Every structure is written in C-alpha cells, then in structure tokens.
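Structure, as structure tokens:
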2 protein chains.
Amino acid sequence: MPINSFTDYPMSWKPDRDALKRPLYLSLALLLEYDITNGFLAPGTKLPPQRELADFLDVNFTTITRAYKVCELKGLIYAVTGSGTFVSPNAARSITISKDKISSECIDLGFVASFEQTNPIVAVAAKRVMEKSYLEQLFDYNDPTGKPHHKIAGLNWMSAFGIQADIENMAIVSGAQNALAITLLALFEPGNRIAVDIYTYANFIEISKMFRIKLVPIPGDEYGMLPNELENQCLQLDVHGVFLMPSCSNPTSVMIPENRKKELAAIIRKHNLILIEDDIHAFLTAGIIENYGQPMFQLLPEQTVYICSTSKSICSGLRVAYIVFCDAFKEKIIKAIFNINVKTSSLDAEIITELILSGKANAIVEEKRQLAQSANHLFTEFFPRPLHTGHPLSFYRWIPISDNVNASRMESYFLNKGIRVFHSDRFLSGASTKDNFLRIALASTNSMEELQRGLKILKENLGKNTDV
Amino acid sequence: MPINSFTDYPMSWKPDRDALKRPLYLSLALLLEYDITNGFLAPGTKLPPQRELADFLDVNFTTITRAYKVCELKGLIYAVTGSGTFVSPNAARSITISKDKISSECIDLGFVASFEQTNPIVAVAAKRVMEKSYLEQLFDYNDPTGKPHHKIAGLNWMSAFGIQADIENMAIVSGAQNALAITLLALFEPGNRIAVDIYTYANFIEISKMFRIKLVPIPGDEYGMLPNELENQCLQLDVHGVFLMPSCSNPTSVMIPENRKKELAAIIRKHNLILIEDDIHAFLTAGIIENYGQPMFQLLPEQTVYICSTSKSICSGLRVAYIVFCDAFKEKIIKAIFNINVKTSSLDAEIITELILSGKANAIVEEKRQLAQSANHLFTEFFPRPLHTGHPLSFYRWIPISDNVNASRMESYFLNKGIRVFHSDRFLSGASTKDNFLRIALASTNSMEELQRGLKILKENLGKNTDV
DNA sequence: GCATTTGTTCCTTTACATTTG
DNA sequence: TCAAATGTAAAGGAACAAATG
C-alpha cells in the first residue's frame with residue numbers, strides 16, 4: 001500500500017491506476033509508450049523512480065523495472081543507476097536518415113550524399129560491362145557471396161587501405177548499412193551491448209534499437225573514443241562489441257590517430273569485444289592523410305568485422321560493400337547474408353569491379369577528393385574560426401551552436417529558411433547533453449554554387465534561434 | 001534439495017551440477033546449447049521435465065523454464081505443455097538454403113532456381129537500359145523506395161495477379177527474402193508468434209529464429225492451412241501473424257483455393273493477425289490456373305503485407321521484389337527498408353521495369369511456364385502415380401518417401417549418388433513427424449537432359465535407404 | 001566518505017493452462 | 001471425467017551496484 005504522500009512532490013508521470021490491466025508491466029509499458037510518442041512526456045523528462053511509482057501504484061517495484069525495460073529496449077527511455085530514468089532525446093520521432101521526403105526547393109545539407117557529379121564515369125563502365133561475354137551469368141543465383149573476380153577486385157581495392165585478407169574471409173553485400181544489419185544479426189543477440197561514441201552514426205543507433213541492442217556511450221576527445229572510458233564501461237557492464245569509424249567518424253569527422261587506435265585495440269582485445277569497423281571513408285584517408293597507418297582490422301583481425309562500402313567512394317546507387325571477417329565469424333555472417341539478402345546483384349558488383357580494374361574508380365575518387373577539398377574550403381570561408389577539429393576532406397562538418405531550442409524545432413526552423421541540416425540530438429547514443437551541434441553535409445548539393453547558397457543561409461540564421 | 005531417485009529412470013540429459021555458474025539459467029542454457037549443437041542430444045530427444053531437472057540440480061523449476069526459453073528462442077528446442085520439451089529437428093544444423101557450396105559434378109535438385117535459360121532476354125533489356133537518357137540518375141541515392149516509374153511498372157505487373165494498390169503503398173526491395181526480413185523487423189518483436197504451415201519455407205524458419213520469432217505450426221490438408229486449426233491456436237496463444245504462400249506453397253506446392261482463402265481470411269480478420277503473403281509464384285497461377293481468384297491481400301488489405309518478387313518470374317540475379325502494404329504499416333516498413341538496405345539498386349529496378357514495359361517480361365514468363373510444364377511432365381514420367389496433389393506448374397515437387405533414416409544422412413546419401421535433394425525435416429516449422437518427404441527442385445538444372453539424369457538417379461535410389 | 005537514492009539482476013513464489021492417461 | 005504431469009506467465013523478494021549529495 002502507498003505510504004508516501006505525493007502531493008508535495010508531484011511525480012512527472014502519474015499513470016491512471018484504473019487503466020492498468022493484467023499483466024501490469026505490459027499495460028504500464030503501453031501507457032508510457034503512448035504518453036511519450038504523443039508528446040505528453042517531453043524528451044529529457046525524468047520519470048518517477050521505480051520504487052516511488054511502485055508505491056504510488058501499489059505494486060512491487062520490479063514490476064516497474066519490467067515496464068521501464070520494455071520501453072528502454074524500444075529506445076524510448078534510458079536509465080542511469082543512481083540518477084533515474086529519463087525520456088530519450090529522440091523518443092518521439094524516428095531519426096533514421098535517408099534521402100526520402102525533402103521538398104525540392106530545399107538545399108540538402110542534412111543527408112550526406114557523395115558528390116554525385118562523378119556518375120557519368122559509372123555510366124561508361126556500366127556500358128562496358130554490357131560487352132562482357134559472360135554478361136548473362138550476372139543474372140542468376142550463383143555466387144551468393146560474390147563472384148571470385150568481384151571479390152579479388154574488392155581485396156585489391158581494400159589493399160590500398162591496408163587490408164590484407166583472403167578471398168575466403170570476405171563477402172559482397174549491399175552497402176554499408178546492409179553490412180551493419182548483417183553483422184548485428186549474425187554476431188549479436190537482443191540485450192547485448194555495443195560501445196559507441198557519444199555522438200555516432202544515426203542509422204546505427206536506429207538499427208541497434210530495432211535489433212534490441214543496447215548502446216553504451218563512451219566519451220571521447222579530439223582523437224576519438226577514450227580508451228580508459230571504454231575500459232571503465234567494460235569493467236562495469238557486459239559489453240559485447242564496439243562500433244568505430246576510425247578513418248572519419250560520423251557525425252563528428254574525428255579521425256583516430258595510430259596511437260589511439262593501438263590503445264583502443266588493447267582494450268578491445270583485453271575484453272574480447274567484437275569490433276565493427278565501418279571504414280567507408282578509407283578512400284579519403286589512407287594514402288592521403290599524413291601519418292595514417294592502417295585500419296584497426298589489421299590490429300585485431302580475429303575480433304573485427306571490417307566494412308568497406310563503395311557508396312561514398314565510387315557510386316552510391318549500386319549498393320556494393322565489402323565485408324571482411326575472420327574464420328570464427330564466417331559461418332554466422334554468411335548465414336545472415338543468405339537470410340537478409342540471398343545475394344547482392346552480380347551486375348552491380350560487376351560494374352564496381354569494372355571501375356576498380358580499369359582504374360576509373362581511382363579517377364572517381366580523385367574527383368570526389370577534389371570536390372571535397374573545394375567544399376571544405378568553401379565551408380571555412382563561411383566559418384573561418386577553428387570551430388572544430390576533424391578530417392580535412394570530410395563530406396560533412398560538425399559545428400557547435402549556441403542556439404538551445406529543441407532539435408526538432410531547430411531543424412524545422414532551418415527547413416523554413418530553405419536548408420535541411422541535422423541537429424546533434426539525432427546522433428546521440430545515450431543521454432542528452434548540454435552541448436548542441438549541427439552536422440552540415442557538403443556532398444549533397446548539385447553544385448558548389450548551391451552549397452554556397454546553403455552555407456550563406458546557415459550562417460545568416462545561426463544563433464538567432466534561442467529560447468529564453 | 002533433491003527428493004527423488006534418478007537411478008531407475010535416467011534422465012535424457014544430466015548436466016554437470018558443478019559446471020553451473022551464476023547466473024544459473026544462462027549457464028544452463030549454454031550447457032544445453034553446447035550439448036545440442038555438438039550432437040550429444042539428438043533431434044527429437046525429450047529433455048527432462050522442468051521440475052525433474054530442477055530437483056536434480058537443486059534449483060527452482062522456473063530457473064529451468066528460463067534456461068529452456070533461451071534455447072527455445074534460438075530454435076534449438078521446442079516445448080509442448082503437457083507433453084514435455086524436445087530437441088528441434090534442425091537444432092544442430094543450419095537449414096538455410098542457398099546456391100552456395102555444391103560440387104560441380106552434382107546435379108542440383110535441392111535449391112530451387114528459376115530456369116535460368118531465359119537470361120539472354122534480360123541481357124538484351126540491360127543493354128537497352130544503357131541507352132536511356134537518364135542512365136546516370138540510376139546511380140545516386142535518390143528515391144530509396146523506388147523511382148515512380150519503377151513503382152508504376154510494378155503495380156502494372158502485379159495488377160495481372162489481381163493486386164490493386166496505390167503507388168504510396170508500395171516499395172521496391174531486394175528480393176522476397178529481403179522483403180521478409182524487412183517485414184519481420186518492421187512489424188514484429190522478439191517473442192512474437194507467427195502461424196505457419198507445418199512444412200514451410202526453410203529460410204523463413206531460419207530468419208524467424210534469427211529474429212527470435214516463434215513459429216506456430218498449423219496443420220493443413222491438400223487445400224492448405226486448416227482454418228479451424230488456425231483458430232484453435234489463436235484462441236490458445238497470442239499469435240501476431242501468419243505466413244502464407246497461397247499461389248503455391250513452398251515446399252508442398254499446395255495451392256489454396258478461393259473458398260479456403262476466404263475461410264482463412266475470416267479467421268485472420270477476427271484475430272487481427274498480420275498476414276505475410278509471399279506471392280512469388282503468382283505468375284504461375286493467376287490467369288493460368290482455372291478458377292484462380294485473387295491474392296489474399298485483396299481480401300485483407302488492411303492486415304496484409306504482400307510480397308511479389310521477380311526473382312522466380314523474371315530474373316533471379318537482379319534482386320527486385322515489390323512489397324505492398326496499408327497506411328498503418330507504411331512508416332514502419334519504410335524505416336526498416338532504410339535501416340536494412342538504404343535502397344535497392346535503381347539500375348536493377350530499371351532493367352526489371354524495362355522488361356515489364358517492353359513486354360519481354362511476359363515473354364520470359366511464358367518461356368519459364370513452358371519449361372516448368374516440360375519439367376513437370378518429365379517428373380511424372382518417373383513418378384507416375386498421383387504421389388501428391390499440388391500446383392501443376394510448380395518449380396519443385398514434394399514426394400512422400402518410405403525411407404526413414406535421419407534427414408542429414410538421407411541428403412548425404414543422395415549427394416554421394418550425384419544429386420542434391422532436400423529432406424522434409426528442413427522445412428519443419430515445429431515438432432518432428434513420422435512422415436518423410438523430399439522436395440525435388442525442377443528449375444535448377446542446366447537442361448532437361450540433366451534433370452532427366454537427376455530424376456533417374458533419384459528413382460533408382462529411393463526406398464533403398466532404410467535403417468533397421 | 002558514507003548513507004541514501006536509484007537502477008539491475010536473478011531467483012522464488014504463485015497461479016494457471018494444456019495435455020495425457 | 002478428472003487427476004497428474006508438464007509448461008507458461010507474471011509478480012514478488014533479496015542482494016547488489018552505481019551515482020548522488
């Protein structure tokens with residue numbers, strides 16, 4: 001029975017006792033989900049402590065634990081022992097980022113495309129593929145993990161980034177996101193934990209939610225995730241994996257230097273984590289950036305799933321990525337590939353292969369690099385101060401902002417001004433922070449002129465958007 | 001403390017008490033998984049009852065419940081209230097079916113391909129696509145759910161099967177299996193139950209396991225799933241969905257007649273299930289088979305996810321399927337598409353579209369139908385008696401066998417004889433049965449002559465494979 | 001620095017439903 | 001027909017761990 005009085009300290013959430021049906025915990029979880037998705041409980045709201053709410057509802061406190069857990073696995077709330085339970089920053093909305101649904105008058109500085117101006121080169125390669133004597137063999141079920149010459153071309157391509165692997169330890173999949181889905185399905189289970197940067201790839205956050213995998217946010221500095229912070233979490237929690245983009249993290253554009261990679265690798269090895277290394281930006285880094293060494297896969301080949309997509313470097317529409325793994329992961333990953341994809345289109349893989357073998361892929365990369373350089377140069381003209389560290393050729397920039405309205409309103413405000421930008425809350429893997437940033441995509445406009453117009457709008461309206 | 005004596009009635013599984021660590025249930029689940037995957041516990045073995053094992057290990061019986069549940073969600077075991085807990089038929093091996101890993105001397109009557117002899121027509125269409133003025137636009141991130149003209153062609157294609165839908169209620173995905181993965185991820189949660197035929201599509205069983213979705217086997221007859229059996233299960237359990245292939249079930253080749261569809265639809269409506277309708281064989285049925293009416297989607301548009309792959313009908317290597325859904329499912333499905341695929345290759349979709357709009361897709365279908373007719377005709381020459389009912393143009397046949405050795409040994413036996421066939425155990429959604437069948441693929445050989453050789457080997461060796 | 005607050009984990013208790021004989 | 005066997009589901013209890021003040 002209730003023993004406290006709640007009149008003096010009203011609880012942030014008072015579910016209707018009479019609305020509860022058996023099973024109590026599910027009924028309660030549904031009520032909570034309803035109130036969050038309908039905006040009655042704003043992001044960041046502290047929910048009543050388990051024992052207090054249990055007292056109020058006259059149930060055992062572990063019933064509240066269960067109800068809260070259902071919502072936590074859906075990503076609606078998060079809990080911190082000692083502090084309380086809070087509504088997630090992105091609880092009420094999907095943060096999935098895609099090219100869909102944006103008005104044509106709007107300049108897109110949100111979604112990160114890949115300087116699509118290079119696609120005429122792809123068209124030429126596609127036409128050359130049509131002359132192949134074995135063209136028809138690209139249209140059947142054979143070679144579900146990739147034809148041997150596709151795989152060899154992939155290994156060849158990745159060797160420039162420092163990857164040494166055998167044809168037996170790789171497969172062709174349909175893009176980096178597809179590779180992440182496959183990896184999570186193959187090697188993780190619902191309830192497993194993966195360590196990530198505090199700000200990380202939004203679609204990785206979303207797919208983790210969908211697979212009921214918990215993310216453990218690890219603080220970082222200008223050189224990336226902090227090894228001792230990772231170690232702390234591993235000592236406290238049962239962490240199964242870690243997700244990193246060492247060549248150029250998304251969204252922060254942080255590049256992890258070699259010594260930091262080694263420190264992180266030591267922790268990852270010590271705690272036997274599975275490292276998911278998304279190296280989609282390798283082509284902007286390996287052989288380009290001074291002192292760049294090698295992917296972390298080479299440091300931890302037995303514990304790493306290395307993902308190398310060609311979407312950003314070669315062609316975004318063909319959906320081809322390479323996934324590299326050790327023998328221990330092989331069977332599980334290939335099974336997941338069969339169950340999610342059956343196979344990746346051999347035609348798409350053939351065109352990518354043609355581009356690689358003919359050297360045109362390198363020409364594309366060179367052109368994209370120059371476009372990236374120009375775009376970054378343009379960006380620094382608008383935002384000259386050293387607002388950030390990060391990769392000099394990044395396809396996006398990460399800027400701190402003083403505006404402190406909520407993320408949705410911020411994004412809407414800029415949409416109304418004619419540009420789409422993404423607020424840092426979209427990329428939050430855990431609790432809200434005081435800091436606010438914007439991620440500005442540089443690779444998605446049709447021209448530098450359009451990018452310039454977009455950046456102008458951004459600069460003119462930054463800082464004007466502050467609540468009380 | 002233990003109160004019974006176990007010497008007289010030895011338990012089928014006696015885990016080592018001292019090997020248990022805390023948490024007990026996880027430790028126990030791991031032991032069980034190890035003993036099953038390493039063959040110490042054969043498929044079909046009855047495990048000790050929860051209370052008996054609890055007594056033996058001196059723990060509470062719900063601790064056993066939890067340990068068993070972990071293994072059940074992994075598909076290793078299944079439990080029947082009142083009867084006991086049993087090792088699953090396919091616990092120790094992956095039943096995922098793919099084109100991978102088969103020696104080249106072997107005639108493949110296992111994996112169901114799609115009479116790949118029609119692929120030269122696809123090659124011609126691919127070349128024509130290269131002449132399109134908008135070719136380059138097929139290589140970017142745009143239109144992640146499909147370009148409008150791709151979708152319109154898809155609706156056009158499906159209209160021949162009786163589908164009426166709006167362009168807003170469909171998307172292009174990368175094949176039927178991909179569509180199933182997307183549907184399960186979008187609309188179901190771990191622990192949910194989906195009703196299926198006792199024998200069902202093996203890769204659906206596998207992906208359900210991976211997503212921790214429980215399958216509820218429903219008995220059927222020559223006209224498909226029995227409505228009253230479905231109703232019974234819905235009354236007893238919380239069933240969330242049902243998976244059907246009404247045009248031609250895999251592996252049984254059963255075609256559901258119109259009145260049965262209506263009866264099933266009534267139950268599905270009454271219990272508000274989500275129907276997953278895999279209509280990959282529509283092209284062999286709609287407009288071909290007498291008295292064929294329409295897909296179940298048209299009976300239950302608000303509750304059905306309709307999946308129409310072009311892999312079997314047009315081209316297997318291009319990985320294009322259409323997925324049709326109501327408004328209520330739309331947001332979730334599109335989010336799942338973004339998180340698993342980002343998008344499907346627009347080039348692949350364009351080639352399929354070209355084939356459809358030029359009428360060549362119909363020519364391919366006509367050729368495949370004729371090949372299917374020849375193959376079925378050949379089959380009946382070898383197996384003349386009415387061994388089965390089922391679709392007359394099916395790409396595979398389902399035959400009862402008297403041989404009663406276990407599934408793996410049976411398949412190995414035939415592999416040694418030079419043909420690959422699949423035993424019915426691969427397709428079991430639940431408990432083992434006394435009956436044994438083989439699924440014989442007719443659409444995977446390079447020629448009718450090769451099929452004939454394969455069927456000859458099959459016939460010569462059937463029935464010779466019986467233990468004791 | 002330690003008591004308090006708060007969340008986590010897992011085992012136990014209780015009630016119940018189905019199958020079998 | 002009904003009791004026994006067997007599995008299922010939810011909620012309670014107890015011990016623990018982290019963060020707070």
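The figures here come from the full heavy-atom set of this structure, side chains too, leaving out hydrogens, waters and symmetry mates. Letters A, B, ... mirror the listed sequences (proteins, then strands); counts begin at 1. Computed from a prediction, not measured in an experiment: that's the story for all the values here.
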Q.
Quick check for you: name the first and last nucleotides of DNA chain D, 5' to 3', having an atom under 4.0 Å from a heavy atom of chain A.
A. D/dA10 to D/dT20
Q. B/Y201: what forms a ring-ring contact (aromatic ring centres under 6.0 Å, His included) with it, not counting sequence neighbours?
A. none
Q) Is B/R212 paired with A/E189 through a side-chain N to carboxylate O contact shorter than 4.0 Å? A) yes
Q: Please list, chain by chain and in numerical order, all residues satisfying side chain to side chain contact (heavy atoms under 4.5 Å, CB included) with B/V242, sequence neighbours excluded.
A: B/A195, B/M225, B/L244, B/I268, B/L273, B/L275
Q: List for me each residue that meets ring-ring contact (aromatic ring centres under 6.0 Å, His included) alongside B/F204, sequence neighbours excluded, and say none if there are none.
A: B/F243
Q | Expected output: side-chain B/T45 to main-chain B/A42 donor-acceptor under 3.5 Å | A | yes
Q. Using a cut-off of 4.0 Å on non-hydrogen atoms, how would the nucleic acid contact of B/L26 be classed: base, sugar-phosphate, or nothing?
A. nothing
Q: With DNA chain C as reference, determine whether A/G84 or A/R66 sits nearer its 5' end, using the nearest nucleotide of each.
A: A/G84
Q.
Test of understanding: with ring-ring contact (aromatic ring centres under 6.0 Å, His included), list the residues that count as partners of A/F437, not counting sequence neighbours.
A. A/Y199, A/W398
Q | Integer-rounded Å distance: C/dT8 P and A/K69 NZ | A | 6 Å
Side-chain donor-acceptor pairs under 3.5 Å in residues 81-91 of chain B, sequence neighbours left out?
{"residue": "B/S88", "atom": "OG", "partner": "B/G75", "partner atom": "O", "Å": "3.0"}
{"residue": "B/S88", "atom": "OG", "partner": "B/L76", "partner atom": "O", "Å": "3.2"}
{"residue": "B/S88", "atom": "OG", "partner": "B/I77", "partner atom": "N", "Å": "3.3"}
{"residue": "B/N90", "atom": "OD1", "partner": "B/R93", "partner atom": "NE", "Å": "3.3"}
{"residue": "B/N90", "atom": "OD1", "partner": "B/R93", "partner atom": "NH2", "Å": "3.1"}
{"residue": "B/N90", "atom": "ND2", "partner": "B/D425", "partner atom": "O", "Å": "2.5"}

Q) With sequence neighbours left out, what residues match B/F188 under ring-ring contact (aromatic ring centres under 6.0 Å, His included)? A) none
Q) To the nearest Å, how far apart are B/I64 CD1 and C/dC10 P? A) 15 Å
Q | Contact pattern, 5' to 3', of nucleotides 13-20 of chain C - B, S or - by protein heavy atom under 4.0 Å | A | BBB-BBBS
Q. Does any pair with a residue in residues 11-31 of chain A pass ring pair (Phe, Tyr, Trp, His ring centres under 6.0 Å), and if so which ones, sequence neighbours excluded?
A. none
Q. Expressed in angstrom and rounded to an integer, what is the separation of A/D55 atom CG from C/dT5 atom P?
A. 13 Å
Q | Given DNA chain D, 5'-ward residue of the pair B/K46 and A/P23, judged by closest heavy atom | A | B/K46
Q: Please work out if A/T65 contacts a base, only the sugar-phosphate, or nothing of the nucleic acid, heavy-atom cut-off 4.0 Å.
A: base
Q. Over how many whole Å does the gap from B/L28 atom CG to C/dC11 atom P extend?
A. 10 Å
